Number of protein chains: 2
Amino acid sequence: MFSKACEYGIRASIYIASQSLEGTRVSLKEIAEKIDSPVAFTAKVLQQLSKNKIIESVKGSSGGFEISKNNILRIKLSQIVYAIDGNNVYEGCGLGLKRCNAKEPCPVHNRFVEIRAELKNMLESTTLYDMTMGLEQGLTYLRR
Amino acid sequence: MFSKACEYGIRASIYIASQSLEGTRVSLKEIAEKIDSPVAFTAKVLQQLSKNKIIESVKGSSGGFEISKNNILRIKLSQIVYAIDGNNVYEGCGLGLKRCNAKEPCPVHNRFVEIRAELKNMLESTTLYDMTMGLEQGLTYLRR
DNA sequence: ATTAAATCGGACAAAATTGTCCTAGTTTAT
DNA sequence: ATAAACTAGGACAATTTTGTCCGATTTAAT
Ligand code: FES
Ligand code: FES
């Protein structure tokens with residue numbers, strides 16, 4: 001579904017958001033630990049999210065990553081996915097033809113677009129805030 | 001969504017099915033050409049489909065691949081996907097946790113399982129026959 | 001100023017996936 | 001029998017994705 005990089009990016013964003021809501025900035029090391037991801041690889045993903053204004057990075061001692069309350073409320077899951085995996089989720093053909101194209105559809109196109117529309121809808125209607133909710137109450141997990 | 005191998009496998013199966021309905025067995029070379037896939041790589045995929053009884057292979061001169069009418073009607077898209085990509089479509093967690101697990105859900109679990117259920121339902125209700133329908137009439141394409 | 005704790009970014013390495021090549025074996029036709 | 005047209009399968013190569021390492025830079029605290 002998503003690339004590993006994207007999965008880490010989403011998990012990291014959720015963790016940063018949850019901590020930012022508590023008013024604490026978090027370090028790369030802590031993030032990687034809490035979401036159970038390789039440190040250096042996660043660093044790359046965070047850089048990308050930072051460039052795309054999904055998260056904010058603060059350099060220097062006592063630096064780290066954070067997300068403003070406003071952004072936590074505004075940023076959609078779709079934006080995180082787009083920042084890392086681009087739009088292949090939306091444009092890709094289910095059977096691997098160059099691009100999904102309704103004018104020259106593959107044999108699963110009609111069935112496929114329906115599901116993708118629902119996925120798209122889900123991604124675009126789920127905010128970072130929505131995803132942090134269960135966390136504090138221990139209802140959801142970022143690692144196991 | 002699916003691996004390249006799986007995409008080729010599905011396209012190949014559809015092509016073989018469409019030709020089998022016309023009563024003609026097709027060679028690897030022809031398949032690769034018609035679905036625009038690398039020949040040798042496609043051969044591996046076909047071997048796997050053959051081992052999983054999705055398609056039948058006939059060795060020797062005038063050999064090739066075919067699918068019985070009965071199987072064209074019975075084989076579901078889900079079986080093809082399973083034969084090549086296994087069950088990670090069903091068991092995988094959207095955020096990459098070891099396994100999707102409702103008891104210890106990730107933050108997108110509830111939203112994710114809905115979409116996956118629809119995907120599953122689609123895969124399990126679409127037969128090879130369904131997918132061959134548009135082909136002959138030039139309504140759908142296996143290559144572009 | 002110095003040091004320590006961070007991110008940044010480039011180069012590199014490992015692993016997985018995708019793709020190629022070649023030989024062996026099988027079957028049909030001549 | 002021999003040749004031709006196939007598939008089977010192992011070994012190998014290229015590419016992409018995933019992951020690591022290390023030096024440079026930034027910032028805060030001492
Ligand atoms: S053309 Fe294949 S999914 Fe749209
Ligand atoms: S636990 Fe993540 S999708 Fe079910």
Side-chain angles (χ1 to χ4, degrees), chain A residues 1-13 15-16 19-20 24-67 81 84-86 88-89 92 95-96, chain B residues 1-13 15-16 19-20 24-67 81 84-86 88-89 92 95-96:
Chain A
M1 179 103 272
F2 306 126
S3 68
K4 278 289 167 198
C6 192
E7 290 174 353
Y8 296 148
I10 297 169
R11 305 223 299 269
S13 298
Y15 181 68
I16 297 168
Q19 291 306 103
S20 288
T24 63
R25 185 184 291 160
V26 287
S27 74
L28 164 65
K29 198 178 151 194
E30 178 182 345
I31 295 168
E33 199 169 289
K34 291 301 175 55
I35 71 170
D36 191 25
S37 66
V39 181
F41 189 66
T42 304
K44 306 289 184 184
V45 177
L46 294 180
Q47 278 176 46
Q48 221 173 331
L49 290 176
S50 174
K51 279 176 193 157
N52 283 275
K53 317 271 186 195
I54 305 290
I55 66 182
E56 294 160 72
S57 81
V58 179
K59 289 182 187 175
S61 182
S62 88
F65 298 89
E66 62 190 14
I67 312 180
V81 172
I84 301 174
D85 279 354
N88 51 12
V89 175
L95 295 191
Chain B
M1 180 103 270
F2 307 127
S3 68
K4 278 288 168 199
C6 191
E7 290 173 353
Y8 296 148
I10 298 169
R11 305 221 301 268
S13 298
Y15 181 68
I16 297 166
Q19 291 305 104
S20 287
T24 64
R25 184 183 291 159
V26 288
S27 74
L28 164 64
K29 197 177 152 196
E30 178 182 346
I31 294 168
E33 199 169 290
K34 290 301 175 56
I35 71 170
D36 191 24
S37 66
V39 180
F41 190 66
T42 303
K44 307 290 182 179
V45 176
L46 293 180
Q47 276 177 47
Q48 219 171 331
L49 289 176
S50 174
K51 280 177 193 159
N52 282 275
K53 318 271 186 195
I54 305 288
I55 65 182
E56 294 160 71
S57 82
V58 180
K59 289 182 187 175
S61 183
S62 88
F65 298 89
E66 63 190 14
I67 312 179
V81 172
I84 301 175
D85 280 354
N88 50 13
V89 176
L95 296 191

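Model, not experiment: these values are computed from the prediction. Proteins get letters first, then strands, A, B, ... in listed order; numbering begins at 1 in each.
- When distances run from any side-chain atom of Ala40(A) to the nucleotides dT20(D), dA8(D), dT7(C), the shortest one goes to dT20(D).
- The nearest whole Å value for the distance from the CD1 atom in Ile84(A) to the C1' atom in dT18(D) is 13 Å.
- With rounding to whole Å, Glu66(B) atom CD is found 14 Å from dT27(C) atom C1'.
- Atom P of nucleotide dT17(D) and atom CD of Gln48(A) are separated by 12 Å, given to the nearest angstrom.
- The nearest heavy atom of DNA chain C to Ser61(B) and to Cys6(B) marks one nucleotide each, and the one closer to the 5' end goes with Cys6(B).
- Rounded to whole Å, the distance from NZ on Lys4(A) to C1' on dA14(C) is 16 Å.
- In the set dA8(D), dT27(D), dT18(D), dT27(D) carries the atom at the smallest distance from any side-chain atom of Lys59(A).
- Taking CD of Glu7(A) as the start and OG of Ser37(A) as the end, the distance is 11.0 Å to the nearest 0.5 Å.
- The shortest distance between the side-chain N/O atoms of Ser27(A) and the OP1/OP2 oxygens of dA5(C) is not below 4.0 Å.
- Counting to the nearest Å, the C1' atom of dG19(D) and the CG atom of Asp36(A) are 14 Å from each other.
- Asn52(B) contributes a side-chain N or O that, together with a main-chain N or O of Gln48(B), makes up a donor-acceptor pair within less than 3.5 Å.
- Per the geometry, CG belonging to Asn88(B) stands 14 Å off P belonging to dA16(C), to the nearest Å.
- When all heavy atoms of Asp85(A) and Ser3(A) are compared, the pair lying nearest together is OD1-OG, 2.6 Å.
- To the nearest angstrom, C1' of dC22(C) lies 15 Å from CG of Leu28(B).
- Of the candidates dG19(D), dT20(C), dG9(D), the closest approach to any side-chain atom of Lys51(B) belongs to dG9(D).
- In this structure, Tyr8(A) does not reach the dT18(D) phosphate: none of its side-chain N or O atoms is under 4.0 Å from OP1 or OP2.
- Side chains of Gln19(B) and Lys34(B) form no contact here, defined as non-hydrogen atoms less than 4.5 Å apart.
- Of the candidates dC21(D), dT18(C), dT20(C), dT18(C) carries the atom nearest the Ala5(B) side chain, counting heavy atoms from C-beta on.
- Closest approach of Gly9(B) to Ile84(B), counting heavy atoms only: CA-CD1, 3.9 Å.
- The side chain of Lys44(B) approaches dG9(D) more closely than any other nucleotide in the set dA11(C), dG9(D), dG19(D).
- Looking only at side-chain heavy atoms (C-beta outward), Leu46(A) and Ile16(A) come within less than 4.5 Å of each other.
- Separating the CZ atom of Phe41(B) from the C1' atom of dA13(D) is a distance of 14 Å, rounded to the nearest angstrom.
- Comparing atom distances between the Ser50(A) side chain and each of dT20(C), dC8(C), dT7(D) picks out dC8(C) as nearest.
- Contact between the side-chain N/O atoms of Gln47(A) and the OP1/OP2 oxygens of dG9(C) is found at a separation under 4.0 Å.
- Using a 4.0 Å heavy-atom criterion, one finds that Lys29(B) contacts no nucleic acid atom at all.
- Among the atoms of the strands shown, only primed sugar atoms or phosphate atoms (P, OP1, OP2) are found under 4.0 Å from some heavy atom of Val58(B).
- Mapping Ser62(B) and Gly60(A) onto DNA chain C by nearest heavy atom places Gly60(A) at the nucleotide closer to the 5' end.
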